[in-house]
Amino acid sequence: MIMDTIIEVKGLKKYFKTPSGICHAVDGVDLSIERGKTVGIVGESGCGKSTLGRTMIHLTESTEGSIVFNGEDITRVGKAKLKELREKMQIIFQDPFSSLNPRMTAYETIEEPLRISKRFGKKEIAERTVALMRLVGIDKRIENSYPHELDGGRRQRIVIARALALKPELVICDEPVSALDVSIQAQILNLLQDLQENMKLTYVFITHDMSVVRYLSQYICVMYLGQVVEHCPTERLFENPLHPYTKALLSAIPVPDIHMPRKRVVLKGEVTSPINPKPGCRFFARCPHAAEACRRNQGLVEAEKDHFVMCSRLKEIG
Ligand SMILES: Nc1ncnc2c1ncn2[C@@H]1O[C@H](COP(=O)(O)OP(=O)(O)OP(=O)(O)O)[C@@H](O)[C@H]1O
Ligand SMILES: [Mg+2]
């Protein structure tokens with residue numbers, strides 16, 4: 001089977017200079033994404049999920065590593081290329097209110113990227129705008145409404161329509177439903193799924209919510225302090241989590257059956273900071289299985305087919 005890779009990053013790093021030292025927000029990530037699929041990125045707050053997403057699509061420039069998109073090296077690009085990439089790679093953020101211009105109506109917001117691209121005439125822009133509104137389920141009656149007049153779900157639909165206006169191939173969904181009412185979340189997730197099918201979109205889906213990622217993604221990466229510590233097909237992760245951090249993460253999900261026995265792994269120790277990290281396993285301070293060997297730098301190993309884990313004590317911990 002030939003894999004149709006849309007984007008591949010290798011050794012991707014993004015460091016920030018901060019007053020207290022260098023923040024290793026993303027610290028050597030390898031990731032290959034198949035076209036038309038959804039890759040979930042999970043991990044606790046501050047582990048680098050958003051920075052990884054933003055760096056992949058050049059919203060922020062990488063410190064080190066390479067990015068290949070549709071077979072082309074785009075690690076460093078000039079202005080013209082960047083403009084082209086902006087159309088093919090889009091991002092949807094958590095909070096639709098701050099992503100929208102408060103002075104633009106729903107219609108103007110969706111129309112704007114079509115206008116700016118200078119690729120279409122007036123009539124075509126109008127037709128496409130109306131088609132986009134229909135595609136994301138925005139009623140024509142609200143086309144002249146401003147963001148503050150709309151609920152979170154409608155705002156996020158506008159954000160999605162705008163992101164899709166120029167037919168992107170890759171969309172980074174950065175917690176796209178976590179700011180929405182629970183009742184609306186499922187509608188937006190279903191919309192994103194339908195759009196993926198219709199437009200053959202590839203998603204990088206960033207979330208804290210393990211049940212959302214299980215439902216949506218075919219592949220999953222678990223991040224911890226700037227590194228991917230485990231990655232595999234989604235179902236594998238839920239059936240057989242291997243990294244001690246992943247086990248703790250999964251043990252915290254509420255289970256529907258209260259009689260089902262399960263062991264909650266409670267993490268001890270403080271969250272280590274991504275600023276000037278020590279060599280060795282980043283999870284060292286909190287890991288119940290930490291030992292001397294973990295002080296050495298770790299690499300990802302293929303523990304079983306297509307299931308990679310960054311832990312040197314897998315055999316011992318079983
Ligand atoms: N512009 C910046 N300047 C300095 N540090 C930054 C910057 N952006 C992010 N960071 C730091 O990089 C690390 C990763 O942040 P990031 O926002 O990518 O995490 P995240 O996993 O998306 O978290 P959350 O789940 O809270 O959204 C954090 O320690 C954060 O403080
Ligand atoms: Mg984030």
Side-chain angles (χ1 to χ4, degrees), residues 7 9 11-31 33 38-65 67 89-99 152 156 159-160 163 170-180 182 185 188-189 192 203-214 216-217 219-231 237 243 245-246 248-250 252-253 267 269-279 281-286 310:
I7 189 162
V9 303
L12 198 69
K13 295 186 181 175
K14 177 66 187 181
Y15 291 177
F16 296 105
K17 276 202 190 103
T18 75
S20 34
I22 307 283
C23 173
H24 294 224
V26 174
D27 208 5
V29 168
D30 294 343
L31 181 61
I33 302 180
T38 299
V39 172
I41 312 266
V42 298
E44 65 199 357
S45 189
C47 70
K49 303 178 298 295
S50 298
T51 308
L52 173 62
R54 295 167 61 91
T55 312
M56 281 170 71
I57 62 167
H58 275 286
L59 270 185
T60 172
E61 289 306 298
S62 57
T63 307
E64 222 181 284
I67 311 170
M89 303 164 137
Q90 282 286 333
I91 188 161
I92 299 166
F93 296 106
Q94 176 173 352
D95 178 10
F97 199 54
S98 53
S99 318
Q156 198 60 307
V159 169
I160 293 170
L170 175 70
V171 182
I172 312 285
C173 303
D174 192 349
E175 314 240 19
V177 299
S178 21
L180 304 178
V182 176
Q185 289 188 1
I188 299 294
L189 291 175
L192 286 169
Y203 289 151
V204 172
F205 202 94
I206 297 170
T207 179
H208 284 103
D209 190 332
M210 296 302 286
S211 28
V212 165
V213 88
R214 184 173 196 175
L216 278 184
S217 67
Y219 207 87
I220 191 161
C221 297
V222 180
M223 282 188 83
Y224 190 79
L225 288 183
Q227 299 177 327
V228 171
V229 293
E230 180 159 3
H231 68 89
L237 192 92
H243 195 284
Y245 174 63
T246 314
L249 201 64
L250 292 185
I253 312 175
L267 289 176
E270 55 183 306
V271 186
T272 334
S273 137
I275 297 172
N276 304 333
K278 290 200 190 96
C281 177
R282 301 267 157 100
F283 192 50
F284 188 88
R286 296 168 86 193
M310 192 181 275

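Just follow the structure's listing: the first ligand is 1, and inside any ligand the first atom is 1.
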K.L.:
Is the contact between Cys23 and ligand 1 made by the side chain, the backbone, both, or neither, using heavy atoms and a 4.0 Å cut-off?
P.N.:
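Side chain only.
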K.L.:
Might you work through the side chain to side chain contact (heavy atoms under 4.5 Å, CB included) test for Phe16 and Thr51, ending with a clear yes or no?
P.N.:
CA-CA 10 Å; Phe16 296 105; Thr51 308; 3.8 Å; yes
K.L.:
Between Gln185 and Leu180, what is the shortest heavy-atom contact and its length?
P.N.:
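Reported closest heavy-atom pair: NE2-O, 3.1 Å.
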K.L.:
Can you name the atoms of ligand 1, numbered from 1 with element, that are less than 4.0 Å from a heavy atom of Lys49?
P.N.:
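This gives 18 (O), 19 (O), 20 (P), 21 (O), 22 (O), 23 (O), 24 (P), 25 (O) as the contact atoms.
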K.L.:
With a cutoff of 4.0 Å, is Gly46 in contact with ligand 1, counting heavy atoms of the residue only?
P.N.:
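It does; at least one heavy atom falls under 4.0 Å.
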K.L.:
For Phe283, check ring pair (Phe, Tyr, Trp, His ring centres under 6.0 Å) against everything at least two apart and list the hits.
P.N.:
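So Phe283 forms a ring pair (Phe, Tyr, Trp, His ring centres under 6.0 Å) with Tyr224, His243, Tyr245.
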K.L.:
For His24, is there any backbone N or O sitting under 3.5 Å from a side-chain donor or acceptor partner on Lys14?
P.N.:
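Pair absent, no side-chain N/O of Lys14 close to backbone of His24.
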K.L.:
Kindly compute the distance separating CZ (Arg54) from CD1 (Ile206), expressed to the nearest 0.5 Å.
P.N.:
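Between atom CZ of Arg54 and atom CD1 of Ile206 there are 10.0 Å.
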K.L.:
Would you mind running through ligand 1 and noting each atom that sits below 4.0 Å from a heavy atom of Pro274?
P.N.:
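Contacts of ligand 1 toward Pro274, numbered from 1: 29 (O).
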K.L.:
Could you find the nearest protein heavy atom to atom 26 (O) of ligand 1 and give me its residue, atom name and distance?
P.N.:
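The closest heavy atom on the protein side is Ser45 OG, 2.4 Å.
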K.L.:
Which protein heavy atom lies closest to atom 12 (O) of ligand 1, and at what distance to 0.1 Å?
P.N.:
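Sorting protein heavy atoms by distance from atom 12 (O) of ligand 1 puts Ala25 CB, 3.3 Å first.
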K.L.:
Nearest 0.5 Å, please: how far is CG in Leu192 from CD1 in Ile160?
P.N.:
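The distance works out to 4.5 Å.
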K.L.:
Which atoms of ligand 1 are found less than 4.0 Å from any heavy atom of Thr51?
P.N.:
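Within the 4.0 Å cut-off of Thr51, ligand 1 contributes 9 (C), 14 (C), 15 (O), 16 (P), 18 (O).
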K.L.:
Right, does atom 30 (C) of ligand 1 have protein non-hydrogen atoms nearer than 4.0 Å?
P.N.:
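Given the 4.0 Å limit, the answer for atom 30 (C) of ligand 1 is no, no protein heavy atom qualifies.
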K.L.:
Would you give the length of the straight line joining atom OG1 of Thr63 to atom NZ of Lys13, rounded to the nearest 0.5 angstrom?
P.N.:
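NZ of Lys13 is found 9.0 Å from OG1 of Thr63.
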K.L.:
For ligand 1, is there an N or O atom under 3.5 Å from any N or O atom of Phe16?
P.N.:
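No, no N or O pair falls under 3.5 Å.
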K.L.:
What residue and heavy atom of the protein are closest to atom 17 (O) of ligand 1, and at what distance?
P.N.:
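The closest one turns out to be Ser50 CB, 4.0 Å.
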K.L.:
For a distance under 2.8 Å, tell me if Ser50 has an N/O/S atom near the Mg ion (ligand 2).
P.N.:
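Yes - counting backbone and side chain alike, Ser50 has an N, O or S atom under 2.8 Å.
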K.L.:
For His208, counting its heavy atoms only, list the atoms of ligand 1 lying under 4.0 Å from any of them.
P.N.:
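Atoms satisfying the 4.0 Å criterion: 25 (O).
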K.L.:
So, taking the atom named CG in Leu31 and the one named CG in Leu12, what distance separates them when rounded to the nearest 0.5 Å?
P.N.:
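Separation between the atoms: 9.0 Å.
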